[in-house]
> 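One structure is given below, represented as structure tokens, and several questions about it will come after.
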2 protein chains.
Amino acid sequence: MTPPLHLSLAGQAVDVLREQVLTGEIPPGSRVNEVEVAQKLGISRGPLREAIRHLASEGLLRLVPHRGAFVPAADADEVKALFELRTALECAAAELAASRRTDVDLVRLQEVCAESRANYRAGQPFPYRLDLAFHQTLIDAARSPRIAEQVRLVQQRVVLLRSALEDDPPHQHASMDDHDELVLAIADGDAAGASTVMRRHLSRVCAQMLTSLNH
Amino acid sequence: MTPPLHLSLAGQAVDVLREQVLTGEIPPGSRVNEVEVAQKLGISRGPLREAIRHLASEGLLRLVPHRGAFVPAADADEVKALFELRTALECAAAELAASRRTDVDLVRLQEVCAESRANYRAGQPFPYRLDLAFHQTLIDAARSPRIAEQVRLVQQRVVLLRSALEDDPPHQHASMDDHDELVLAIADGDAAGASTVMRRHLSRVCAQMLTSLNH
DNA sequence: AAACTGCCAACTGTCGACAGTTGACAACGC
DNA sequence: GCGTTGTCAACTGTCGACAGTTGGCAGTTT
């Protein structure tokens with residue numbers, strides 16, 4: 001019994017639109033015209049409206065009555081508020097991961113860290129893909145479905161605000177150090193330590209986003 | 001026709017449906033028939049579908065492709081997972097409240113506690129209304145809009161699962177003690193203490209829900 | 001020129017109808 | 001009797017069209 005891999009038009013529209021919003025193909029601040037996008041996707045306005053509402057509930061769009069849906073623009077206060085939420089969730093995830101992790105989880109985390117190091121030594125910048133992979137692996141190790149769900153949504157909103165992020169080698173290096181330290185704490189089953197490191201890590205990332213936002 | 005149509009039909013449907021789901025008027029496990037409910041509300045299926053999708057994003061309904069929307073039934077694993085999320089959020093809120101609270105916030109918290117005590121001494125059971133009011137006042141004192149938003153959604157889902165909750169005087173007394181202790185920690189600006197008390201409090205509430213679920 | 005007013009195009013909100021899928025029931029074969 | 005298969009009603013997914021609202025623009029007034 002394979003779950004219907006055939007997604008509804010609304011579901012497909014959600015995926016396409018989410019991609020376009022996150023990649024900046026639909027730039028922050030711009031409006032989403034229902035008839036225009038519906039024609040472009042080859043569907044009617046009904047499913048598209050449901051897709052727009054869904055993305056709005058994920059925080060990727062902002063709904064204004066009778067005016068339409070807008071892509072929220074990066075804003076300092078929004079970044080701070082969002083990182084307070086992210087910190088609450090990921091610190092809890094780090095604690096749970098430290099106490100629930102299996103050896104397989106540990107190997108996966110170490111692999112991601114090793115790949116990041118190798119990539120960095122090869123002279124390439126720390127790809128955001130690997131950063132996401134690390135945090136993803138960590139919340140999987142926490143084995144808390146509802147927390148994982150929320151973390152995914154928050155990280156998505158961070159990606160959206162990340163358009164104004166610039167490459168900063170020192171910051172990237174510090175992030176990799178944080179990740180390594182996190183793995184150590186999780187390996188030791190040190191919940192409090194993992195939480196502390198995660199808080200410091202996210203604090204650093206948040207600060208970096210705020211500074212690059214002011215440029 | 002409503003002369004001042006301030007809210008869209010979909011928005012009105014969201015409010016009505018949410019009320020019906022939370023009060024159990026639409027019992028857990030039952031299905032929401034689109035045509036039936038649409039006729040009962042006097043609207044067409046379009047706005048109702050948007051309302052259903054919205055409530056699903058809040059976790060008050062569960063969508064099954066080609067089958068419709070169901071009210072999720074209380075389940076032990078779900079309760080545990082939900083309380084892990086709630087604990088992560090409200091502990092963070094308690095910490096923030098301890099460091100950001102104003103004197104007005106403190107007075108409000110004390111007022112809610114005092115009202116609970118008076119109510120209890122009058123021989124009446126600790127109304128859930130006051131419990132909600134306390135947690136609401138606390139997250140307001142935390143001044144973190146994104147966290148507050150998520151806490152509201154989680155508490156709503158707890159209300160939904162709460163149908164199987166029975167009155168338990170000892171538990172109510174312990175809850176009020178926890179609240180008082182929380183206020184003391186927040187008054188002292190003791191973030192770590194507030195977080196610890198909150199964690200113990202929610203752990204107790206979760207355990208109580210789990211036991212009354214098995215009866 | 002600035003401000004006000006009425007009009008208009010564009011867009012969202014809403015509706016009724018059609019098409020595709022699902023689960024159940026009945027008829028059939030073993 | 002039990003399992004299989006064909007049929008069907010009910011419901012969700014989708015569409016095109018209509019109605020109401022919004023913001024802007026032209027024309028008018030002071």
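Sequence lines set the chain letters: A, B, ... in the order given, protein chains first and strands last, and positions in each chain run from 1. Here the structure is a predicted model, which means the values were calculated and not measured. Side-chain atoms are counted along with the backbone in the values below, which use heavy atoms only and exclude waters and symmetry mates.
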> Report the residue (A:Pro65 or B:Val64) whose heavy-atom-nearest nucleotide on DNA chain D is the more 5′ of the two.
B:Val64
> With sequence neighbours left out, what residues match B:Arg204 under side chain to side chain donor-acceptor pair (under 3.5 Å)?
B:Asp178
> Just the rounded figure in Å: distance from C1' of C:dG13 to CD of B:Gln12.
12 Å
> If I take atom CG from residue A:Asp77 and atom CG from residue A:Leu82, how far apart are they, to the nearest 0.5 angstrom?
12.0 Å
> Tell me the interatomic distance from A:Leu9, atom CG, to D:dG16, atom P, rounded to whole angstroms.
11 Å
> Let me know the distance between CD of B:Gln39 and P of D:dT12, rounded to the nearest Å.
12 Å
> I'd like to check the salt bridge (charged side-chain N to carboxylate O under 4.0 Å, His left out) partners of B:Arg143; sequence neighbours left out, ordered by chain and number.
B:Asp105
> Which residue pairs pass the side chain to side chain donor-acceptor pair (under 3.5 Å) test with at least one member in residues 40-50 of chain A, sequence neighbours excluded?
A:Glu34-A:Arg45, A:Glu34-A:Arg49, A:Arg49-B:Glu50, A:Glu50-B:Arg49
> Check salt bridge (charged side-chain N to carboxylate O under 4.0 Å, His left out) between B:Glu19 and all other residues, then give those that pass, not counting sequence neighbours.
none
> Which of residues 45-54 of chain B sit near DNA chain C, with a heavy atom under 4.0 Å from it?
B:Arg45, B:Pro47
> Go through the structure and list residues passing salt bridge (charged side-chain N to carboxylate O under 4.0 Å, His left out) with A:Glu58, not counting sequence neighbours.
A:Arg18
> Apply side-chain contact (heavy atoms from CB on, under 4.5 Å) to the pair A:Leu160 and A:Val71, showing each step before the final yes or no.
CA-CA 9 Å; A:Leu160 177 61; A:Val71 181; 4.0 Å; yes
> Would you check if A:Leu48 and A:Val35 make a side-chain contact, meaning some heavy-atom pair closer than 4.5 Å?
no
> In degrees, rounded to 10°, what is the bend between the two ends of the helix from C:dA1-D:dT30 to C:dC30-D:dG1, using five pairs at each?
10°
> Specify the residues of residues 56-63 of chain B, ordered by number, for which at least one heavy atom lies under 4.0 angstrom from an atom of DNA chain D.
none
> By ring pair (Phe, Tyr, Trp, His ring centres under 6.0 Å), which residues pair with B:Phe134, not counting sequence neighbours?
B:His179
> Please name all residues satisfying ring pair (Phe, Tyr, Trp, His ring centres under 6.0 Å) with B:His54, sequence neighbours left out, ordered by chain then number.
none
> Quick one: which residue pairs count as a side chain to side chain donor-acceptor pair (under 3.5 Å) with a foot in residues 82-96 of chain B, not counting sequence neighbours?
A:Arg100-B:Glu84, A:Ser144-B:Glu84, A:Arg199-B:Glu95, B:Arg86-B:Glu90, B:Glu90-B:His135, B:Glu90-B:Gln155, B:Glu95-B:Ser195
> Under 3.5 Å, which N/O atoms of the protein pair with N/O atoms of nucleotides 5-11 of chain C?
{"residue": "C:dC11", "atom": "OP1", "partner": "A:Asn33", "partner atom": "ND2", "Å": "2.9"}
{"residue": "C:dC11", "atom": "O5'", "partner": "A:Asn33", "partner atom": "ND2", "Å": "3.2"}
{"residue": "C:dC11", "atom": "O3'", "partner": "A:Arg31", "partner atom": "NH1", "Å": "3.2"}

> Within the side chain of B:Arg31, is there an N or O that forms a donor-acceptor pair under 3.5 Å with the backbone of B:Gly68?
no
> More than 12 heavy atoms of other residues, nucleotides or ligands under 6.0 Å from CZ of B:Arg108: is that the case?
no
